[in-house]
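To start, the structure itself, in structure tokens.
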Amino acid sequence: MEKIWTTSELLNWGKSYFAAKNISEPRLNFELLLCKVLNCNRIDLYLRYDYPFKPNQLNELKGLVNRRIKFEPLQYILGEVEFYGNKFICDKRALIPRPETELLVSHSKEIISLLNKPKPKVLEVGIGTGCVSISLAKMFPDVEFYGIDISPDAISLATENQKLNKVENIKFKEYDFFEFTKFSYFDLIISNPPYIPKEHYSKNNLQEELFFEPKIALTDDADGLVFYRKFADIINSSTNNIKLILEINENTSKKIVELFKNENTETTKIMDYNNLDRVLIIEKNK
Ligand code: GLN
């Protein structure tokens with residue numbers, strides 16, 4: 001007879017197993033995999049402490065555990081993530097939404113609400129899962145959102161997320177930022193571009209999980225400033241009153257800010273909850 005495993009036995013086994021395999025937050029990780037198999041919330045696990053797992057459920061769990069110990073990100077295994085209070089499908093087609101990026105959304109929200117225009121237009125460069133534009137479009141049904149990404153995978157995932165969140169006022173389109181020319185059509189440009197310098201993108205510096213995510217979403221394969229130089233060109237050559245709001249890398253933030261410093265622009269830097277430079281707003285001074 002095969003041993004019957006209950007939720008509590010599995011949990012005890014799993015948290016030590018994950019700890020031994022160097023998975024951070026081992027208990028939480030294991031709990032969330034149990035929840036995926038049982039299709040329940042974390043609180044329900046404790047109400048179903050003595051639940052005996054069926055052989056097919058054990059098999060499914062084994063598969064998920066094996067993915068996690070190879071350091072596949074938990075969010076990809078669960079297939080969804082919460083961002084700014086909304087649910088998003090999350091898989092290897094795009095970067096996993098980060099909690100720090102919610103700061104990009106909250107400050108974009110503030111800027112958009114102050115745009116003094118009947119029907120403002122907002123562009124997002126590099127949409128990934130679509131979480132930034134979709135979260136904003138939900139709050140501003142009268143604003144026209146446009147999102148571009150070079151990755152067809154990102155466009156397909158973001159489109160699924162748009163449907164899931166039932167927002168109409170966004171158009172996602174596959175475009176290379178460096179070939180896009182219609183910037184002057186927009187009042188605000190938002191972006192969380194790839195900003196890890198090439199020399200920093202190595203297994204010695206970064207956690208294993210990061211290497212499951214699309215490389216083009218993380219590094220520009222150069223000095224980490226390539227996208228910001230282009231954004232500086234855009235604002236310097238624009239004739240309208242365009243604003244930029246960008247997520248920035250805490251390690252290169254000084255260099256990034258430097259790129260935007262001139263007599264015609266004003267920059268505001270915002271720190272995240274870990275006191276790291278995270279968001280930069282660039283506006284023209286009147
Ligand atoms: N914040 C991400 C990380 O370092 C990087 C995202 C990006 O390059 N924009 O984990």
Side-chain angles (χ1 to χ4, degrees), residues 23-25 29 71-78 81-84 88 90-108 123-136 147-151 153-155 157-158 161 175-178 189-232 234 244-257 259-260 269-282:
I23 301 298
S24 57
E25 301 186 282
N29 270 257
F71 296 104
E72 181 171 345
L74 182 66
Q75 296 92 329
Y76 283 170
I77 300 174
L78 299 177
V81 62
E82 201 186 291
F83 177 87
Y84 215 83
F88 294 94
C90 177
D91 61 36
K92 63 179 184 342
R93 284 177 286 175
L95 190 79
I96 298 165
R98 312 284 205 262
E100 302 91 272
T101 304
E102 293 179 329
L103 205 61
L104 185 67
V105 175
S106 58
H107 285 273
S108 299
L123 172 70
E124 187 187 1
V125 173
I127 55 170
T129 57
C131 65
V132 170
S133 284
I134 293 169
S135 300
L136 287 164
I148 60 170
D149 204 298
I150 195 170
S151 154
D153 275 349
I155 300 290
L157 179 55
N161 277 320
Y175 249 115
D176 181 346
F177 170 51
F178 296 92
I189 303 176
I190 305 174
S191 185
N192 173 18
Y195 55 56
I196 301 178
K198 179 185 182 150
E199 58 174 21
H200 198 74
Y201 185 83
S202 83
K203 297 220 172 179
N204 300 333
N205 297 321
L206 302 170
Q207 59 185 50
E208 291 272 349
E209 280 85 347
L210 227 62
F211 297 90
F212 283 81
E213 295 184 273
K215 186 178 176 194
I216 52 161
L218 288 165
T219 176
D220 59 7
D221 229 359
D223 60 359
L225 303 175
V226 172
F227 281 70
Y228 301 96
R229 282 194 198 93
K230 169 84 177 168
F231 282 121
I234 293 168
L244 306 178
I245 177 164
L246 309 174
E247 182 167 321
I248 57 174
N249 182 341
E250 68 271 27
N251 301 314
T252 56
S253 57
K254 273 211 182 85
K255 286 188 195 159
I256 296 172
V257 176
L259 293 173
F260 293 95
K269 201 175 62 175
I270 297 144
M271 285 192 204
D272 66 19
Y273 310 110
N274 296 313
N275 280 330
L276 300 171
D277 291 342
R278 189 56 63 207
V279 171
L280 186 67
I281 299 170
I282 308 114

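The first residue of the sequence shown is numbered 1, and numbering continues consecutively from there. In each ligand, atom 1 is the first atom listed, and ligand 1 is the first ligand listed.
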min-distance protein heavy atom vs atom 10 (O) of ligand 1 -> Arg98 NH2, 2.9 Å
Per-atom filter on ligand 1: closer than 4.0 angstrom to a heavy atom of Leu218 are 5 (C), 8 (O)
closest protein heavy atom to atom 4 (O) of ligand 1 is Ile196 CD1, 3.8 Å
For Pro193, the atoms of ligand 1 under 4.0 Å from one of its heavy atoms are 7 (C), 8 (O), 9 (N)
Under 4.0 Å from one or more heavy atoms of Pro194, ligand 1 contributes atoms 8 (O)
(message) Taking Arg278 first and then Glu250, would you say they form a salt bridge - that is, a charged N and a carboxylate O separated by under 4.0 Å?
(response) yes
Atom 8 (O) of ligand 1 has as its nearest protein heavy atom Tyr195 N, 3.1 Å
For Ala217, the atoms of ligand 1 under 4.0 Å from one of its heavy atoms are 7 (C), 8 (O)
- Task: Is it possible for you to check whether Lys92 lies under 6.0 Å from the centre of the six-membered ring of Phe212, through NZ or CZ, and within 45° of that ring's axis?
- Result: no
(message) I'd like to know if Glu209 pairs up with Lys203 as an ion pair, taking the criterion as any Lys NZ or Arg NE/NH1/NH2 lying under 4.0 Å from an Asp or Glu carboxylate oxygen.
(response) no
Between Glu247 and Thr101, do the side chains contain a donor N or O and an acceptor N or O under 3.5 Å apart? yes
* Would you please indicate if the ring centroids of Phe211 and Phe71 are separated by under 6.0 Å? => no
**Message:** Please determine whether a side-chain nitrogen of the Lys or Arg among Arg93 and Asp149 lies less than 4.0 Å from a carboxylate oxygen of the Asp or Glu.
**Reply:** no
Taking only non-hydrogen atoms of Asn192 and a 4.0 Å limit, the atoms of ligand 1 in range are 7 (C), 9 (N)
